[in-house]
Amino acid sequence: MEAFAVRDLREHTGELVRNAESGQFSVVSKHGKPLFVAMPFTDELLSAGVSVSLADRLVQSGELSISSGAKLAGMPYARYLQHLGAMGYSLLDETARLDDELALLKPV
Amino acid sequence: MQLLVADAGPLIALSVADVLQITLRRFDVLVPQAVLDACVADAYAPGAAPIAEAVLQRQLTVVPDAAITPRDAAYAMGLGSGEAAVLSYAAQHKQVALIDARHARRIAQRLGVSVVGSGAVLLALKSDGLIAGVQPALAAWQAHGYYVSPKLQAELLARAGESLHLAPVRTASSAGTRAPVLAKPHEC
(Lines give C-alpha, C1' and ligand atoms only; values in the text may rest on other atoms or scores of the structure.)
Protein backbone atom coordinates (compact mmCIF):
# COMPACT_ATOMS: atom_id res chain seq x y z
CA MET A 1 0.00 0.00 0.00
CA GLU A 2 1.36 3.40 -0.97
CA ALA A 3 0.51 6.82 0.48
CA PHE A 4 0.14 10.09 -1.40
CA ALA A 5 -0.57 13.62 -0.26
CA VAL A 6 -3.52 15.43 -1.85
CA ARG A 7 -1.29 18.28 -2.91
CA ASP A 8 0.97 15.88 -4.87
CA LEU A 9 -1.88 13.89 -6.37
CA ARG A 10 -1.67 15.56 -9.78
CA GLU A 11 1.92 14.37 -10.23
CA HIS A 12 1.10 10.86 -9.00
CA THR A 13 -2.09 9.93 -10.87
CA GLY A 14 -0.08 7.52 -13.04
CA GLU A 15 1.22 5.71 -9.95
CA LEU A 16 -2.28 5.63 -8.45
CA VAL A 17 -3.62 3.97 -11.59
CA ARG A 18 -0.69 1.52 -11.81
CA ASN A 19 -1.22 0.55 -8.16
CA ALA A 20 -4.89 -0.15 -8.77
CA GLU A 21 -4.10 -2.14 -11.90
CA SER A 22 -1.64 -4.28 -9.94
CA GLY A 23 -4.23 -4.87 -7.19
CA GLN A 24 -2.70 -2.50 -4.62
CA PHE A 25 -4.47 -0.01 -2.40
CA SER A 26 -3.31 3.61 -2.14
CA VAL A 27 -3.98 6.01 0.72
CA VAL A 28 -4.40 9.69 -0.01
CA SER A 29 -3.74 12.03 2.90
CA LYS A 30 -4.52 15.66 3.62
CA HIS A 31 -2.53 17.56 6.21
CA GLY A 32 -0.97 14.26 7.25
CA LYS A 33 -4.29 12.52 7.91
CA PRO A 34 -5.65 9.72 5.70
CA LEU A 35 -8.51 11.16 3.63
CA PHE A 36 -9.50 8.29 1.36
CA VAL A 37 -8.35 4.96 0.04
CA ALA A 38 -8.14 4.20 -3.67
CA MET A 39 -8.75 0.53 -4.24
CA PRO A 40 -9.01 -1.72 -7.26
CA PHE A 41 -12.62 -2.05 -8.43
CA THR A 42 -12.95 -5.82 -8.53
CA ASP A 43 -15.78 -8.32 -8.61
CA GLU A 44 -14.95 -9.15 -4.99
CA LEU A 45 -15.41 -5.56 -3.90
CA LEU A 46 -18.65 -5.44 -5.81
CA SER A 47 -20.01 -8.68 -4.41
CA ALA A 48 -18.94 -8.21 -0.78
CA GLY A 49 -18.43 -4.55 0.05
CA VAL A 50 -21.07 -2.94 -2.08
CA SER A 51 -23.77 -5.51 -1.36
CA VAL A 52 -23.33 -5.25 2.44
CA SER A 53 -23.39 -1.49 2.27
CA LEU A 54 -26.47 -1.54 0.05
CA ALA A 55 -28.24 -4.02 2.34
CA ASP A 56 -27.49 -1.87 5.40
CA ARG A 57 -28.83 1.23 3.75
CA LEU A 58 -32.02 -0.43 2.56
CA VAL A 59 -32.71 -2.14 5.91
CA GLN A 60 -32.09 1.04 7.88
CA SER A 61 -34.32 3.08 5.61
CA GLY A 62 -37.06 0.49 6.09
CA GLU A 63 -37.21 -0.55 2.44
CA LEU A 64 -35.90 -4.06 3.01
CA SER A 65 -36.58 -6.60 5.73
CA ILE A 66 -33.77 -7.98 7.85
CA SER A 67 -33.89 -11.42 6.26
CA SER A 68 -33.75 -9.91 2.78
CA GLY A 69 -30.91 -7.67 3.97
CA ALA A 70 -29.02 -10.64 5.38
CA LYS A 71 -29.44 -12.45 2.08
CA LEU A 72 -28.21 -9.47 0.09
CA ALA A 73 -25.27 -9.04 2.48
CA GLY A 74 -24.46 -12.74 2.24
CA MET A 75 -24.58 -13.24 6.02
CA PRO A 76 -26.54 -15.64 8.24
CA TYR A 77 -29.50 -13.89 9.88
CA ALA A 78 -28.03 -13.93 13.43
CA ARG A 79 -24.71 -12.51 12.27
CA TYR A 80 -26.34 -9.85 10.16
CA LEU A 81 -28.31 -8.77 13.25
CA GLN A 82 -24.99 -8.41 15.10
CA HIS A 83 -23.59 -6.44 12.18
CA LEU A 84 -26.61 -4.12 12.33
CA GLY A 85 -26.22 -3.88 16.12
CA ALA A 86 -22.69 -2.56 15.72
CA MET A 87 -24.24 0.29 13.71
CA GLY A 88 -26.81 1.07 16.39
CA TYR A 89 -29.74 -0.75 14.78
CA SER A 90 -31.94 -2.00 17.60
CA LEU A 91 -32.68 -5.70 17.97
CA LEU A 92 -36.14 -4.82 19.25
CA ASP A 93 -38.64 -2.40 17.78
CA GLU A 94 -38.16 0.87 19.62
CA THR A 95 -41.59 2.06 18.55
CA ALA A 96 -43.35 -0.99 20.02
CA ARG A 97 -46.44 -0.20 22.07
CA LEU A 98 -45.75 -2.53 24.95
CA ASP A 99 -49.16 -2.02 26.60
CA ASP A 100 -50.93 -3.15 23.43
CA GLU A 101 -48.57 -6.09 23.01
CA LEU A 102 -48.91 -7.24 26.61
CA ALA A 103 -52.69 -7.13 26.20
CA LEU A 104 -52.34 -9.64 23.36
CA LEU A 105 -50.43 -12.08 25.57
CA LYS A 106 -53.03 -13.93 27.54
CA PRO A 107 -52.18 -14.65 31.17
CA VAL A 108 -51.34 -18.26 32.06
CA MET B 1 -51.31 -22.49 25.67
CA GLN B 2 -51.37 -19.41 23.50
CA LEU B 3 -49.89 -19.87 20.05
CA LEU B 4 -47.30 -17.49 18.59
CA VAL B 5 -46.02 -17.60 15.02
CA ALA B 6 -42.36 -16.66 15.34
CA ASP B 7 -39.94 -14.90 13.06
CA ALA B 8 -36.18 -15.53 13.16
CA GLY B 9 -35.23 -12.37 15.08
CA PRO B 10 -37.18 -13.13 18.28
CA LEU B 11 -36.21 -16.80 18.21
CA ILE B 12 -32.55 -15.83 18.04
CA ALA B 13 -33.01 -13.08 20.63
CA LEU B 14 -34.77 -15.37 23.13
CA SER B 15 -32.28 -18.16 22.49
CA VAL B 16 -29.28 -15.88 23.01
CA ALA B 17 -30.90 -14.58 26.20
CA ASP B 18 -31.23 -18.19 27.39
CA VAL B 19 -34.99 -17.96 27.82
CA LEU B 20 -36.08 -19.96 24.79
CA GLN B 21 -36.90 -23.07 26.81
CA ILE B 22 -38.97 -21.08 29.30
CA THR B 23 -40.75 -19.29 26.46
CA LEU B 24 -41.64 -22.64 24.91
CA ARG B 25 -43.17 -23.75 28.21
CA ARG B 26 -45.31 -20.61 28.32
CA PHE B 27 -46.31 -20.41 24.63
CA ASP B 28 -46.88 -22.82 21.76
CA VAL B 29 -44.39 -21.45 19.27
CA LEU B 30 -44.74 -22.26 15.62
CA VAL B 31 -42.14 -21.46 12.97
CA PRO B 32 -42.34 -21.70 9.19
CA GLN B 33 -39.57 -23.85 7.69
CA ALA B 34 -38.03 -20.77 6.04
CA VAL B 35 -37.66 -19.12 9.46
CA LEU B 36 -36.04 -22.20 10.95
CA ASP B 37 -33.64 -22.38 8.01
CA ALA B 38 -32.59 -18.76 8.61
CA CYS B 39 -31.91 -19.51 12.29
CA VAL B 40 -29.90 -22.70 11.90
CA ALA B 41 -28.28 -22.30 8.47
CA ASP B 42 -25.04 -21.50 10.30
CA ALA B 43 -24.93 -24.04 13.15
CA TYR B 44 -22.40 -21.88 15.02
CA ALA B 45 -24.38 -18.65 14.73
CA PRO B 46 -25.65 -17.12 18.00
CA GLY B 47 -28.74 -18.92 19.28
CA ALA B 48 -28.69 -21.61 16.59
CA ALA B 49 -27.94 -24.65 18.78
CA PRO B 50 -30.80 -24.20 21.31
CA ILE B 51 -33.25 -23.58 18.45
CA ALA B 52 -32.15 -26.76 16.65
CA GLU B 53 -32.39 -28.68 19.92
CA ALA B 54 -35.92 -27.39 20.56
CA VAL B 55 -36.96 -28.67 17.12
CA LEU B 56 -35.39 -32.07 17.82
CA GLN B 57 -37.24 -32.22 21.15
CA ARG B 58 -40.49 -31.26 19.35
CA GLN B 59 -40.89 -28.21 21.59
CA LEU B 60 -40.94 -25.96 18.55
CA THR B 61 -43.46 -26.75 15.82
CA VAL B 62 -42.15 -26.36 12.27
CA VAL B 63 -44.65 -25.69 9.49
CA PRO B 64 -43.58 -26.71 5.98
CA ASP B 65 -43.60 -23.75 3.62
CA ALA B 66 -45.91 -25.69 1.30
CA ALA B 67 -48.55 -25.74 4.06
CA ILE B 68 -48.71 -21.96 4.15
CA THR B 69 -50.99 -20.13 1.75
CA PRO B 70 -48.89 -17.18 0.66
CA ARG B 71 -50.36 -13.74 1.04
CA ASP B 72 -49.18 -11.96 -2.08
CA ALA B 73 -49.10 -8.65 -0.23
CA ALA B 74 -46.59 -10.03 2.28
CA TYR B 75 -44.30 -11.28 -0.47
CA ALA B 76 -44.55 -8.10 -2.48
CA MET B 77 -43.27 -5.66 0.12
CA GLY B 78 -39.58 -6.45 0.42
CA LEU B 79 -40.01 -9.22 2.97
CA GLY B 80 -37.85 -12.32 2.97
CA SER B 81 -39.45 -15.73 2.62
CA GLY B 82 -39.43 -16.35 6.40
CA GLU B 83 -41.07 -13.07 7.36
CA ALA B 84 -43.62 -13.40 4.57
CA ALA B 85 -44.45 -16.95 5.71
CA VAL B 86 -44.94 -15.79 9.32
CA LEU B 87 -47.33 -13.04 8.26
CA SER B 88 -49.17 -15.26 5.79
CA TYR B 89 -49.69 -18.01 8.36
CA ALA B 90 -50.69 -15.59 11.13
CA ALA B 91 -53.14 -13.82 8.81
CA GLN B 92 -54.61 -17.09 7.55
CA HIS B 93 -55.10 -18.61 11.02
CA LYS B 94 -55.74 -15.35 12.90
CA GLN B 95 -52.83 -15.95 15.24
CA VAL B 96 -50.43 -13.53 16.91
CA ALA B 97 -47.07 -13.08 15.17
CA LEU B 98 -43.85 -12.76 17.18
CA ILE B 99 -41.73 -10.28 15.23
CA ASP B 100 -39.14 -7.67 16.18
CA ALA B 101 -38.10 -6.33 12.77
CA ARG B 102 -39.67 -2.94 12.16
CA HIS B 103 -40.22 -3.41 8.42
CA ALA B 104 -42.11 -6.68 8.90
CA ARG B 105 -44.12 -5.23 11.80
CA ARG B 106 -45.29 -2.34 9.64
CA ILE B 107 -46.46 -4.75 6.97
CA ALA B 108 -48.17 -6.88 9.63
CA GLN B 109 -50.16 -3.82 10.61
CA ARG B 110 -51.26 -3.30 7.02
CA LEU B 111 -52.33 -6.94 6.80
CA GLY B 112 -54.24 -6.72 10.09
CA VAL B 113 -51.96 -9.21 11.85
CA SER B 114 -51.49 -8.77 15.62
CA VAL B 115 -47.83 -8.59 16.59
CA VAL B 116 -45.84 -8.90 19.78
CA GLY B 117 -42.08 -8.58 20.17
CA SER B 118 -39.36 -10.14 22.29
CA GLY B 119 -39.61 -7.29 24.79
CA ALA B 120 -43.28 -8.03 25.53
CA VAL B 121 -42.54 -11.75 25.79
CA LEU B 122 -39.80 -11.07 28.33
CA LEU B 123 -42.16 -8.89 30.35
CA ALA B 124 -44.84 -11.59 30.24
CA LEU B 125 -42.34 -14.21 31.44
CA LYS B 126 -41.35 -11.93 34.28
CA SER B 127 -44.95 -11.13 35.14
CA ASP B 128 -45.77 -14.86 35.24
CA GLY B 129 -42.83 -15.47 37.57
CA LEU B 130 -41.05 -17.66 35.02
CA ILE B 131 -37.88 -15.55 34.95
CA ALA B 132 -36.29 -13.56 37.73
CA GLY B 133 -35.77 -10.46 35.61
CA VAL B 134 -35.30 -8.95 32.16
CA GLN B 135 -31.89 -7.49 32.98
CA PRO B 136 -29.97 -10.75 32.31
CA ALA B 137 -31.54 -10.90 28.84
CA LEU B 138 -30.49 -7.32 28.11
CA ALA B 139 -26.97 -8.13 29.33
CA ALA B 140 -26.82 -11.27 27.17
CA TRP B 141 -27.87 -9.33 24.08
CA GLN B 142 -25.24 -6.72 24.74
CA ALA B 143 -22.59 -9.38 25.35
CA HIS B 144 -23.43 -10.97 21.99
CA GLY B 145 -23.26 -7.69 20.10
CA TYR B 146 -26.98 -7.05 19.79
CA TYR B 147 -27.99 -3.46 20.37
CA VAL B 148 -31.04 -2.30 22.28
CA SER B 149 -31.38 1.44 22.69
CA PRO B 150 -30.86 2.81 26.21
CA LYS B 151 -34.38 4.24 26.11
CA LEU B 152 -35.97 0.87 25.40
CA GLN B 153 -33.73 -0.87 27.93
CA ALA B 154 -34.84 1.64 30.55
CA GLU B 155 -38.51 1.15 29.63
CA LEU B 156 -38.30 -2.64 29.84
CA LEU B 157 -36.51 -2.49 33.18
CA ALA B 158 -38.98 0.03 34.57
CA ARG B 159 -41.97 -2.05 33.47
CA ALA B 160 -40.35 -5.13 35.00
CA GLY B 161 -39.83 -3.24 38.24
CA GLU B 162 -36.07 -3.54 37.96
CA SER B 163 -33.56 -0.78 38.41
CA LEU B 164 -31.07 0.22 35.78
CA HIS B 165 -27.62 -1.05 36.65
CA LEU B 166 -25.47 2.01 36.97
CA ALA B 167 -21.74 2.26 36.80
CA PRO B 168 -19.98 5.21 38.36
CA VAL B 169 -18.63 7.70 35.86
CA ARG B 170 -16.85 10.94 36.71
CA THR B 171 -17.27 13.68 34.16
CA ALA B 172 -16.10 17.27 34.13
CA SER B 173 -19.63 18.55 34.63
CA SER B 174 -20.69 15.99 37.21
CA ALA B 175 -17.64 15.46 39.35
CA GLY B 176 -18.64 13.65 42.48
CA THR B 177 -21.96 12.48 41.03
CA ARG B 178 -22.96 9.23 39.42
CA ALA B 179 -24.17 9.04 35.85
CA PRO B 180 -25.76 6.07 34.11
CA VAL B 181 -23.63 4.14 31.68
CA LEU B 182 -25.66 2.64 28.90
CA ALA B 183 -24.56 0.35 26.11
CA LYS B 184 -23.35 2.03 22.97
CA PRO B 185 -23.26 0.16 19.69
CA HIS B 186 -19.49 0.16 19.38
CA GLU B 187 -19.13 -1.31 22.86
CA CYS B 188 -21.22 -4.34 21.99
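Each chain gets a letter, A, B and so on, in the order its sequence line appears, and its residues count up from 1.
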Do any of residues 7-18 of chain A have a heavy atom less than 4.5 Å from a heavy atom of chain B, and if so, which, in residue order? none
Hey, what do you get for OG (Ser65(A)) to NE2 (His103(B)), rounding to the nearest 0.5 Å? 5.5 Å
May I ask whether Leu30(B) and Met1(B) are part of the same hydrophobic cluster, defined by side-chain heavy atoms of I, L, V, M, F, W, Y residues being less than 4.5 angstrom apart, directly or through others? no
Hydrophobic cluster membership, Val6(A) vs Phe4(A), 4.5 Å side-chain cutoff: yes
With only heavy atoms counted, which part of Ala41(B) is less than 4.5 Å from chain A, the side chain, the backbone, both or neither? neither
Please examine the side chains of Val121(B) and Glu101(A), heavy atoms only from C-beta on, and report whether any two atoms are closer than 4.5 Å. no
Under 4.5 Å from a heavy atom of chain A, the part of Leu130(B) involved: neither
Closest heavy-atom pair, Ser67(A) versus Glu83(B), reported as atoms and distance to 0.1 Å, is OG-OE1, 2.7 Å
Might you confirm whether atom NZ of Lys126(B) has over 12 heavy atoms from other residues, nucleotides or ligands at distances under 6.0 Å? yes
What are the two closest non-hydrogen atoms of Ser68(A) and Gly80(B), and how far apart are they? OG-N, 3.1 Å
What verdict does the salt bridge (charged side-chain N to carboxylate O under 4.0 Å, His left out) test give for Arg106(B) and Asp93(A), after you've listed the backbone C-alpha separation in whole Å, the side-chain angles of each residue and the deciding distance to 0.1 Å? CA-CA 11 Å; Arg106(B) 274 206 307 275; Asp93(A) 182 9; over 6 Å; no
Just so I understand: if I count every heavy-atom pair under 4.5 Å between each of Gly69(A), Pro76(A), Ala78(A) and chain B, which residue has the most? Ala78(A)
Determine yes or no for a side-chain-to-main-chain donor-acceptor pair under 3.5 angstrom, with Tyr77(A) supplying the side chain and Ile12(B) the backbone. no
Cut-off 4.5 Å, heavy atoms of chain B, and the answer for Asp100(A) is neither
Applying side-chain contact (heavy atoms from CB on, under 4.5 Å), run through Tyr147(B) and Leu92(A) and close with a yes or a no. CA-CA 8 Å; Tyr147(B) 176 71; Leu92(A) 311 184; over 6 Å; no
Please say whether more than 12 non-hydrogen atoms of neighbouring residues, nucleotides or ligands are located less than 6.0 Å from CG in Asp128(B). yes
How long is the span from the CD1 atom in Ile66(A) to the CG atom in Asp7(B), to the nearest 0.5 Å? 8.0 Å
List for me each residue that meets side chain to side chain contact (heavy atoms under 4.5 Å, CB included) alongside Glu94(A), sequence neighbours excluded, and say none if there are none. Ser90(A), Arg102(B), Ser149(B), Leu152(B)
Relative to chain A, which segment of Ile99(B) carries a heavy atom at a distance below 4.5 Å: side chain, backbone, both, or neither? neither
Residue pair Ala120(B) / Leu98(A): nearest heavy atoms and the distance that separates them: N-CD2, 3.9 Å
Can you tell which of His83(A), Gln82(A), Arg97(A) has the highest number of heavy-atom pairs within less than 4.5 Å of chain B? Gln82(A)
Residue pair Phe27(B) / Leu105(A), side-chain heavy-atom distance below 4.5 Å: yes
Out of curiosity, does Leu54(A) fall in the hydrophobic cluster containing Leu81(A) (side-chain heavy atoms, cut-off under 4.5 Å, transitive links)? yes
Which portion of Ala124(B) sits near chain A, non-hydrogen atoms under 4.5 angstrom: both
When every non-hydrogen atom of Leu104(A) is compared with those of Gln2(B), the smallest separation belongs to O-NE2, 2.8 Å
Under 4.5 Å to a heavy atom of chain A? For Val115(B) that would be backbone
